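Small disclaimer: the values here were computed from a predicted structure and weren't measured. We name chains A, B, ... by the order of the sequence lines, and we start the count at 1 in each one.
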There are 2 protein chains.
Amino acid sequence: MVNARQAIEAQSDGGKLLMSDVYQRIREDIIMGRLEAGRKLRIEELKAEYGTGASPLREALSLLIPEGFVDRLENRGFRVSGVTLTDFDDLLDMRCWSESRALRRSIERGGKEWEGEIVLALYWFSQAFPDHDAHDDRASERRRLHKTFHMALIAECGSPMLMELCSRLFDRNDRYRSLVNFAATAERNHVAEHEQIVEAVLRRDADAAVSALAEHYGKLRRQIEPILTP
Amino acid sequence: MVNARQAIEAQSDGGKLLMSDVYQRIREDIIMGRLEAGRKLRIEELKAEYGTGASPLREALSLLIPEGFVDRLENRGFRVSGVTLTDFDDLLDMRCWSESRALRRSIERGGKEWEGEIVLALYWFSQAFPDHDAHDDRASERRRLHKTFHMALIAECGSPMLMELCSRLFDRNDRYRSLVNFAATAERNHVAEHEQIVEAVLRRDADAAVSALAEHYGKLRRQIEPILTP
DNA sequence: TGGCGTCATTTTATCGACAAAACTGCCATT
DNA sequence: AATGGCAGTTTTGTCGATAAAATGACGCCA
C-alpha cells in the first residue's frame with residue numbers, strides 16, 4: 001500500500017497543509033483498497049507510513065469519518081470502515097435514484113457545451129482504458145477519468161448538493177470496484193457501456209439514458225456478490 | 001449488573017471523549033444560531049469557551065466540515081459556514097425528494113408499531129409546543145422532539161444511508177429555522193401541519209402524505225425569504 | 001489622499017511529551 | 001482445560017510549546 005504516492009501528491013492542489021495531503025492519500029488508499037476494510041489504523045504506524053505527526057493524522061481521519069470511510073470507537077482508535085453486501089446494495093440503490101434525478105435534470109438543462117464535456121470525458125476515458133494495467137498509478141488515473149466522465153453527465157443538474165452527494169457515493173462505490181480483480185473487470189466492455197449512455201444522452205432520451213446508467217451501475221453487483229458472500 | 005460507567009455513558013451521549021462532547025456542543029450551537037453564520041472560529045477563543053485544548057477542538061471542527069457546518073481555509077483557520085437563500089432552496093429541494101422517497105417506502109413497508117411510534121412522537125411534540133418559549137433549552141428540546149417525529153415518519157424506509165441523508169439535511173435545515181424569530185413562528189400552526197401529515201400516513205395515502213410533507217417544508221421558505229434577501 | 005513596503009502582533013498548524021485507557025501474557029485457582 | 005485476576009506493555013487522547021503564516025499598524029513617498 002505504499003509507493004504510488006508521487007502522482008497523487010502532485011495532483012493535490014495548493015496543499016501547503018500537511019493535513020490536506022495526508023487526508024487525500026489515506027482517502028485514496030482506502031478507496032483503492034490499499035488500506036483494506038476493517039483494518040486498524042494505529043497512529044504510530046500511520047506516522048511512519050505517511051511521514052507526519054499525530055495531529056494532522058487525527059484531523060485527516062476525523063474528516064474521513066462523516067464521509068463513511070473511517071470508523072471510530074471511544075478510546076479504541078480508528079479503523080477502516082467495513083464493506084458488506086448489504087451496504088453495497090444500499091449504496092447502489094441510493095446511486096441509482098440520486099444520479100437518475102441529476103441526469104434527468106442535466107438533460108433538461110444542459111446545452112451544447114455540456115454535451116461537449118461529456119464527449120471529451122468519454123474520449124479520455126476510452127483512451128485510458130485499453131491500456132489496462134493493474135499497476136497502482138494506472139488504476140488511479142483510470143478511476144479519475146471514470147469519475148470525471150460520470151460527473152460530467154450530471155454537471156448541469158443545477159444542484160451543488162446533489163452533485164456532492166453523487167460524488168461521495170461514487171467514491172464509496174469505488175471501494176467495491178477495487179475489490180473485483182482485474183481479470184473479471186476485463187470481461188466487461190466498459191467503453192461500450194459508457195458509449196451507450198452517451199448515445200442516449202445526445203438523443204436527449206432521458207428514460208433510455210437513466211436505464212443505461214442503472215444497468216451500468218448494476219453490473220458491478222454481479223461481480224461483487226460472490227466476493228462478499230462467504 | 002449495571003455498573004456506573006454504563007450509566008454515565010447512557011446519560012451523556014458520546015461520553016468519555018472530551019472531543020465528542022465539544023463536537024456536539026459546537027454542532028448544536030451552530031444549528032441553533034448561537035454561533036452565527038460566517039463567524040470566525042478562533043482556536044484560542046474556543047478553548048476558553050468550551051474549556052478544552054486545541055486538539056479536541058480541531059478534531060471536532062474537522063468532523064463538522066464534511067457535514068457542511070464549518071468551512072476551512074488553508075492557514076486561515078475555521079469559520080461557521082454561510083447561509084444563503086440559494087443554499088436554502090437547494091436544501092429544500094433535496095429534502096423534498098429524498099424524504100418523499102423515504103416516506104413512500106416507509107408507508108409501503110411500515111407496520112402497526114411504526115404507526116405507533118409516529119403517533120407517540122407527534123404526541124410528545126404537540127405537548128412541548130404550546131409551551132412556547134424562546135429560551136434556549138426549551139428551543140433545543142422542541143427541536144429534538146421535532147426531529148424525532150420526522151425521523152419516525154421515515155424510520156421504515158429500509159435504507160440506513162437514506163435515513164442518514166435525511167437526518168443531515170434536517171439538521172442543516174434547522175439552521176435556517178433558527179433564523180426566523182419566534183413571533184413569526186407562532187403564526188403557523190405547527191401541530192396542525194404535522195397532524196395533517198400523520199392523518200394521511202395512517203390512511204396509507206402516500207401521495208397526500210408526501211404533498212403534506214412538502215407543503216410543511218415549503219412554509220419555512222416564505223418566512224426565510226425576507227430575512228435572506230437584502 | 002492613497003497606495004506600498006516593513007515590522008510587530010496575532011493566529012494557525014504541527015510536533016513532542018504525558019496521563020489514562022486498553023490490550024497482552026502469565027500465573028494461580030477451580 | 002477453562003476462568004479470573006494481575007502486572008507490563010502498547011495505544012490512545014489530550015496538553016503545552018514552537019515554527020510558519022497571516023493580519024494589522026505605521027510611516028514613507030508619490
What is the distance from [atom1] of [X] to [atom2] of [N], rounded to the nearest Å?
| X | N | atom1 | atom2 | value |
| --- | --- | --- | --- | --- |
| A/Glu59 | D/dT12 | CD | C1' | 17 Å |
| B/Arg42 | C/dA13 | CZ | C1' | 16 Å |
| A/Leu57 | D/dT14 | CG | P | 16 Å |
| B/Ile43 | D/dA17 | CD1 | P | 17 Å |

Of all the choices, D/dT23, C/dA21, D/dT14, which nucleotide is nearest to the side chain of B/Pro56 once you look at every atom?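 Shortest atom-to-atom distance from the side chain points to D/dT14.
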
Nucleotide nearest B/Asn75 (side chain, heavy atoms from C-beta), chosen from D/dA22, D/dC15, C/dT14: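 Closest nucleotide to the B/Asn75 side chain: D/dA22.
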
Do any side-chain nitrogens or oxygens of [X] fall under 4.0 Å of OP1 or OP2 in [N]?
| X | N | answer |
| --- | --- | --- |
| B/Lys16 | C/dA22 | yes |
| B/Arg58 | C/dA13 | yes |
| A/Thr52 | C/dC15 | yes |
| B/Lys47 | C/dT12 | no |
| B/Arg72 | C/dA13 | yes |

Lys/Arg-Asp/Glu bridge criterion (N-O < 4.0 Å) met for B/Glu49, B/Arg34: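 A salt bridge is absent here (no side-chain N lies under 4.0 Å from a carboxylate O).
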
If we ignore hydrogens and angles and just use 3.5 Å, is the side chain of A/Ser62 paired with the main-chain N or O of A/Arg58 as donor and acceptor? yes

Quick check: does any side chain N or O of A/Trp114 sit under 3.5 Å from a backbone N or O of A/Ile154, one acting as donor and the other as acceptor?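 Here the side-chain-to-backbone pair does not exist.
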
For the student: nearest non-hydrogen atoms of A/Tyr23 and A/Leu64, plus distance: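 So the minimum-distance heavy-atom pair works out to CE1-CD2, 3.5 Å.
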
